[in-house]
Amino acid sequence: MAGLSLKAMKLRWRFIILGLVVVALLTASYQLVEKYLAQQSQALEQRINAEMEWVLVFSQDLDAGSVIGLEHLQQRKFPPAYISDDWLRPNDAMAVVGNSVENFVSAGEPVILGHLGKVRRSSFSDKIAPGEYAVTATVGIEQVHHGLLAVGNRVTLVAGGFGGSALRMLTDIEVLALDRQQSDAAGAQLAVTATFRLRAEQAIEFEQLRQSGFALWLQHPEAEYPVLNETPPPLLFVISKQGAH
């Protein structure tokens with residue numbers, strides 16, 4: 001009897017240990033499957049998120065006739081299949097601000113052309129403020145400093161100084177755009193035109209400067225540069241037997 005009882009106990013412990021091993025294996029398998037599914041779900045979410053596109057939506061409810069402010073707008077991602085041609089994008093926000101909504105709109109609703117009375121699409125001209133002009137001029141390789149000139153640089157435009165004429169300057173002029181179409185000896189693409197941000201009075205003066213040709217001096221991005229007014233050299237008259245000349 002004692003021998004049978006001992007065998008039964010050993011058999012019971014074997015079943016208990018086997019059960020624990022099975023439970024441990026099932027738990028580990030469940031955790032591995034759960035981890036794999038989480039990784040796959042995250043990868044799918046990232047892939048879908050990468051394919052989604054930003055659109056402009058209303059951040060709050062607006063009644064018909066309400067004037068849209070920047071605080072009434074936000075951006076949200078949508079699948080491309082859901083986006084229509086008349087949905088506006090985040091870069092259209094400044095063109096939407098100041099317009100009034102034609103009908104009631106709810107928070108989260110995409111901003112579409114049908115919501116607005118008149119809307120102007122954003123363009124390059126939005127880079128200039130009221131009273132400013134974007135003026136484009138042809139430049140040579142030396143004027144773009146052999147390709148080192150970049151959009152956003154500030155320059156001084158210089159003309160005159162020929163035949164006794166005074167040197168004329170326009171300082172702290174921002175470069176808005178460069179048209180890279182010509183190549184230097186090494187084959188690098190260089191600009192043939194540069195577009196400058198000019199106030200009205202500067203634009204008028206620049207049109208006078210470019211008639212006689214102008215030079216482009218590159219400035220430090222933060223330093224202030226004074227206008228160096230240069231007066232023409234005095235004329236000297238030499239008196240000789242032949243007369244003054």
Side-chain angles (χ1 to χ4, degrees), residues 53-54 56 70 75 85-86 88-99 113 118-236 245:
E53 299 179 7
W54 290 105
L56 200 63
L70 193 58
Q75 58 183 11
D85 292 338
D86 58 350
L88 300 182
R89 303 305 180 109
N91 59 352
D92 296 315
M94 296 313 298
V96 172
V97 170
N99 287 271
L113 293 175
K118 293 182 179 179
V119 63
R120 177 182 58 79
R121 290 277 189 173
S122 58
S123 64
F124 177 76
S125 61
D126 290 302
K127 293 181 178 292
I128 57 178
E132 293 181 338
Y133 292 94
V135 180
T136 300
T138 303
V139 293
I141 292 179
E142 71 281 1
Q143 301 297 359
V144 294
H145 299 269
H146 290 271
L148 297 179
L149 187 70
V151 173
N153 284 161
R154 296 189 178 274
V155 298
T156 294
L157 305 177
V158 186
F162 304 103
S165 63
L167 195 65
R168 303 169 63 185
M169 306 174 65
L170 289 173
T171 62
D172 201 32
I173 304 300
E174 181 184 355
V175 178
L176 287 178
L178 292 170
D179 175 26
R180 302 183 182 277
Q181 291 186 357
Q182 70 179 4
S183 301
D184 63 4
Q189 291 295 309
L190 302 177
V192 294
T193 64
T195 301
F196 307 109
R197 182 197 301 273
L198 299 174
R199 299 190 304 273
E201 63 274 15
Q202 291 176 324
I204 294 173
E205 187 172 355
F206 177 66
E207 290 302 324
Q208 298 172 349
L209 294 185
R210 79 157 98 195
Q211 298 301 320
S212 57
F214 66 93
L216 191 153
W217 297 354
L218 187 60
Q219 296 182 185
H220 187 280
E222 299 174 357
E224 294 185 4
Y225 287 76
V227 176
L228 304 175
N229 294 317
E230 180 185 271
T231 57
L235 297 177
L236 300 178
H245 61 276

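Taking CH2 of W54 as the start and CG of N91 as the end, the distance is 13.5 Å to the nearest 0.5 Å. Atom CG of L170 is separated from atom CD of E201 by 9.5 Å, given to the nearest 0.5 angstrom. In this structure, L176 CG and N153 CG are separated by 11.5 Å, a value rounded to the nearest 0.5 Å.
The shortest non-hydrogen separation linking A177 to V151 is CA-CG2, 3.9 Å. The heavy-atom pair separating Q202 from R197 by the smallest distance is OE1-O, 4.4 Å. Looking at every heavy atom in both residues, G213 comes nearest to A159 through O-CB, 3.4 Å. The two residues E207 and R210 have their closest heavy-atom pair at OE2-NH2, 2.9 Å. A134 approaches T195 most closely through the heavy-atom pair CB-CG2, 3.8 Å. In plain terms, the two heavy atoms of L88 and L113 that are nearest each other are CD2-CD2, 3.7 Å.
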Requested in this report: Just do the side-chain contact (heavy atoms from CB on, under 4.5 Å) check on L148 and L218 with the steps written out, would you?
Outcome: CA-CA 10 Å; L148 297 179; L218 187 60; 5.6 Å; no

Query - Intermediate values then yes/no, side-chain contact (heavy atoms from CB on, under 4.5 Å), M94 and L70 - result: CA-CA 8 Å; M94 296 313 298; L70 193 58; 4.2 Å; yes

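Considering only heavy atoms from C-beta on, R168 stays 4.5 Å or farther from L157 through its side chain. Side-chain contact between F214 and V158 is absent, with no heavy-atom pair separated by less than 4.5 Å. In this structure, the side chains of V175 and L216 stay at 4.5 Å or more apart for every pair of heavy atoms. Between V192 and V139, every side-chain heavy-atom pair lies at or beyond the 4.5 Å cut-off.
By the side-chain contact (heavy atoms from CB on, under 4.5 Å) test, Q219 is found to be paired with R154, T156, T171, D172, Y225, residues two or more places apart in sequence or in another chain being considered.
Taking a 6.0 Å sphere around CD of Q211, one finds it holds more than 12 heavy atoms contributed by other residues, nucleotides or ligands.
A distance-only check finds no donor-acceptor pair linking the side chain of R89 to the backbone of E53 [under 3.5 Å].
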